Amino acid sequence: MGKVLMKGNEAIAEAAIRAGCLNYFAYPITPQSEVAEYLAKRMPEVDGVFLQGESEVAVGYMIFGASACGARVMTTSSSPGVSLMGEAISYITAAQCPAVFVNIMRGGPGLGGILPSQADYFQATKGGGHGDYRLLVMAPASVQEAVEMMMEAFPLAEKYRNPVMLVGDGLIGQMMEPVEFPDNLSIPATNKDAWATNGMDTRKSDKRNLVKTLYLNPEELNAHNLLLKAKYERMKQEAVKYEPYNLDSAYQVLIVSYGTMSRVCKTAIDMLKDEGIEVGMVRPQTLFPFPEQAIFEAAACESCKVALSVEMSMGQMIEDVERCIKGRLPVKWHGKCGGDVPTPEEVIDAVKRLIAEY
Amino acid sequence: MGKTFKKPEALSDQPTHYCPGCTHGIIHRLVAEVIDELGIRGSTVGIAPVGCAVLAYNYFTFDFQEAAHGRAPAMATGIKRVRPDLTVFTYQGDGDLASIGMGEIIHAANRGEKFTTIFVNNAVYGMTGGQMAPTTMPGQRTTTSPLGRKPLDVGMPVKMAELLAALETPSYIARQTVIKPKYVKKAKKSIKKAFEYQLEGRCFSLVEVVSTCPTNWGMTPVDALKWTEDTLLPYYKLGEYKTPTNGGNDAK
Amino acid sequence: MQNEVMFAGFGGQGIMLMGKILAHAAMEQGLEVAWIPSYGPEMRGGTAYCTVVVNERPIGSPIIRNPRHLVAMNRPSLEKFAPMVKTGGVILINSSLIDIGAGRTDVDALNVPVNEIAAEIGAAKAANIVALAAFVSRSHIVDFELMREAVKNEFAAKAKFIPLNMKAVDRGAEIAQA
């Protein structure tokens, strides 16, 4: 199949179907409502399930119910809606059910705005819901990458029996770019008979399955949490993805940036190169697991004097960057979080100020 | 002579954690009997609430999920939409269904989701320790209405069966009780009907069961039965509030 | 080399569609392209705009402060965006609705009365296509014939509108070259 021009939201919707996800529950919210609008038309064509729930709270549990009985399922929302799903996400993670959540982020806190933002970094990577849990968080920087990540998200969710969250700032959802879908993609359904409440008759078993999150016995709960922890450690070993940019140069500044923001940084890096200033970048493609080792190693470059976390949030990712760099370099922040995406010129100014200072 | 009384296959051997005089055990048994009689144990998924029945999954012998507080109808919707061939029921108390889960139950009923809800109404929060519920009676003392529920302050008790029956979407809505053998028979009949409507793919079905809580009411089991009959039943009237064929708007 | 064009006007003038057709043509030409809409509250009334970025190489920042070109369909958008256009770019001014100039001497300002032209050919709704054709013809941002094909494809489901839109394309090109 050739290239087609699609809005990120629509491409995400189509990618889900092609990844074999025929079950979608959602509640409308700007700037991602096109996903629901697209799937309201498309799901009936493929005999899939489309349901607009009464709230994001309910949608979260529709996802939980469907996932717990073995279906491949997803929802999409935007920041305030994802807050409401936080409860269900905690339960789904505790119950070890696979599901895909997409957050096309808008500005916050509160009602905030509807323009691009990355202010849900903490929500996605550190919690949002209660308890000790992690999501596998993917962050595309283009519509094509959003499609590819959607296709990876379902098998990863099923492999780890854990929700996967794809986060994109509003632009990833609203922008149109050419995309190519792989031909004849088939992600076979995994056998979930060992745990899913899909009915004893379905799995021809007289042993019933139970999907629960309650562990009243402290030893049992601790053991359950250790099991989850071991899984997150395994993700850290296996699932980290990042893109290095200009790291083979003698860079003076190391940028860490993701999503649309990282594209702006790439342009800034190219423009700085033309002026004879070298800047390197690590672009996390997974926010959890975070590319800890890559950033640690990139910070060891002898010419590098300072690291800069460029984010459309008020200094959230910087905490992870600092953690990875372990004090080797000073770590600074540059960002904006009102809906305006910082321009390459602004990033260039920030870099030049740092070079002058360090 | 063979056995005349035996445990339903759908019920497990595990002794329940319910208090003496609590009617959850009877209601569990009725659900299990109906599931046995309909021969659907292998295709049924139950959903446990948050509340006294949170551990209900230990007492049944088929697939079970445990929901967050109030969200069982949304989970049931998720299951039923992706696996319409499974029989799904939620088992919820009055704090769970009529308070925190009010939105989920109304919208599930209004969409006509084809699952069944067993709604156990004993006019109080049980597991959390006897706090006031939306169904607590005027003047009824609870740990959060120590001087008795004051309708001027917190409104009148919610009549869920009537409220849900008012929706235009066809459904089966009934209220029964299990405080005397004659009521138990009727309750079982309603529960069976509710499951049958689901199996026919016909409508949403809910049976409210007016129940007791001697522990949190501070009564002996016998007094609790009497209080139920004298105080709850005149307000929470028994009967079938809606069947999918009345009102002339049965979708079938 | 990267080229950017901003299409701007009132909601209802077919601003987003102009950008979309151009993006399609660029894609068919094998270029990298990104179409970025404004999706703020200005979607309803006020100024609507979108930016199309084309490049032979992968596109970095999709956020453009200074576009190379501007197609201004109403006066507020000309006033707002004309000062941002890069030196040497094309500014198409819809002179049917705008009675001022670009206020720049370092750009190629092109006055086209797109509403009158569209009305003349009996296709009042195709004013945006007249503007798009005039702009592409003048700027050569994409291959003109590929743009024409993209217009055809856009109306594939409403084939009866194709002849009028083709006329709009031709008239747009003529006036841009006049």
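Keep in mind that this is a model prediction, so the values were computed, not measured. Numbers restart at 1 for each chain; the letters A, B, ... are given by sequence-line order, proteins then strands.
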Tell me whether the count of non-hydrogen atoms from other residues, nucleotides or ligands lying under 6.0 Å of [atom1] in [X] goes above 12.
X        : atom1 : answer
C:Lys167 : NZ    : no
A:Lys273 : NZ    : yes
A:Tyr38  : OH    : yes

Top contributor to chain C interface from A:Leu5, A:Asp340, A:Thr343 [non-hydrogen pairs under 4.5 Å]: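 So the answer, after comparing A:Leu5, A:Asp340, A:Thr343, is A:Leu5.
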
Pick from C:Pro62, C:Cys50, C:Gly60 with the largest number of heavy-atom pairs that fall under 4.5 Å of chain A: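 Highest number of heavy-atom pairs under 4.5 Å: C:Gly60.
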
Among A:Met175, A:Glu177, A:Gln174, the one residue meeting side chain to side chain contact (heavy atoms under 4.5 Å, CB included) with C:Ile36: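 So, applying the side chain to side chain contact (heavy atoms under 4.5 Å, CB included) to C:Ile36 and each of A:Met175, A:Glu177, A:Gln174, only A:Met175 qualifies.
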
Nearest-0.5 Å distance, CE of residue A:Met176 to NE2 of residue C:His24: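 Here the rounded value is 7.0 Å.
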
Distance, nearest 0.5 Å, that separates CZ of C:Arg57 from CG of A:Asp270: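 Those atoms lie 6.0 Å apart.
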
Donor-acceptor contact present, side-chain A:Arg263 to main-chain C:Ser61, <3.5 Å: no

Residues forming a ring-ring contact (aromatic ring centres under 6.0 Å, His included) with C:Phe81, sequence neighbours excluded: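 For C:Phe81 the ring-ring contact (aromatic ring centres under 6.0 Å, His included) partners, ignoring immediate neighbours, are C:Tyr49.
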
Toward chain C, the part of A:Glu346 with a non-hydrogen atom under 4.5 Å: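 Only the side chain of A:Glu346 comes within 4.5 Å of chain C.
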
Contacts of residues 63-73 of chain C with chain A (heavy atom under 4.5 Å):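 Only C:Ile63, C:Arg65 of residues 63-73 of chain C have a heavy atom under 4.5 Å from chain A.
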
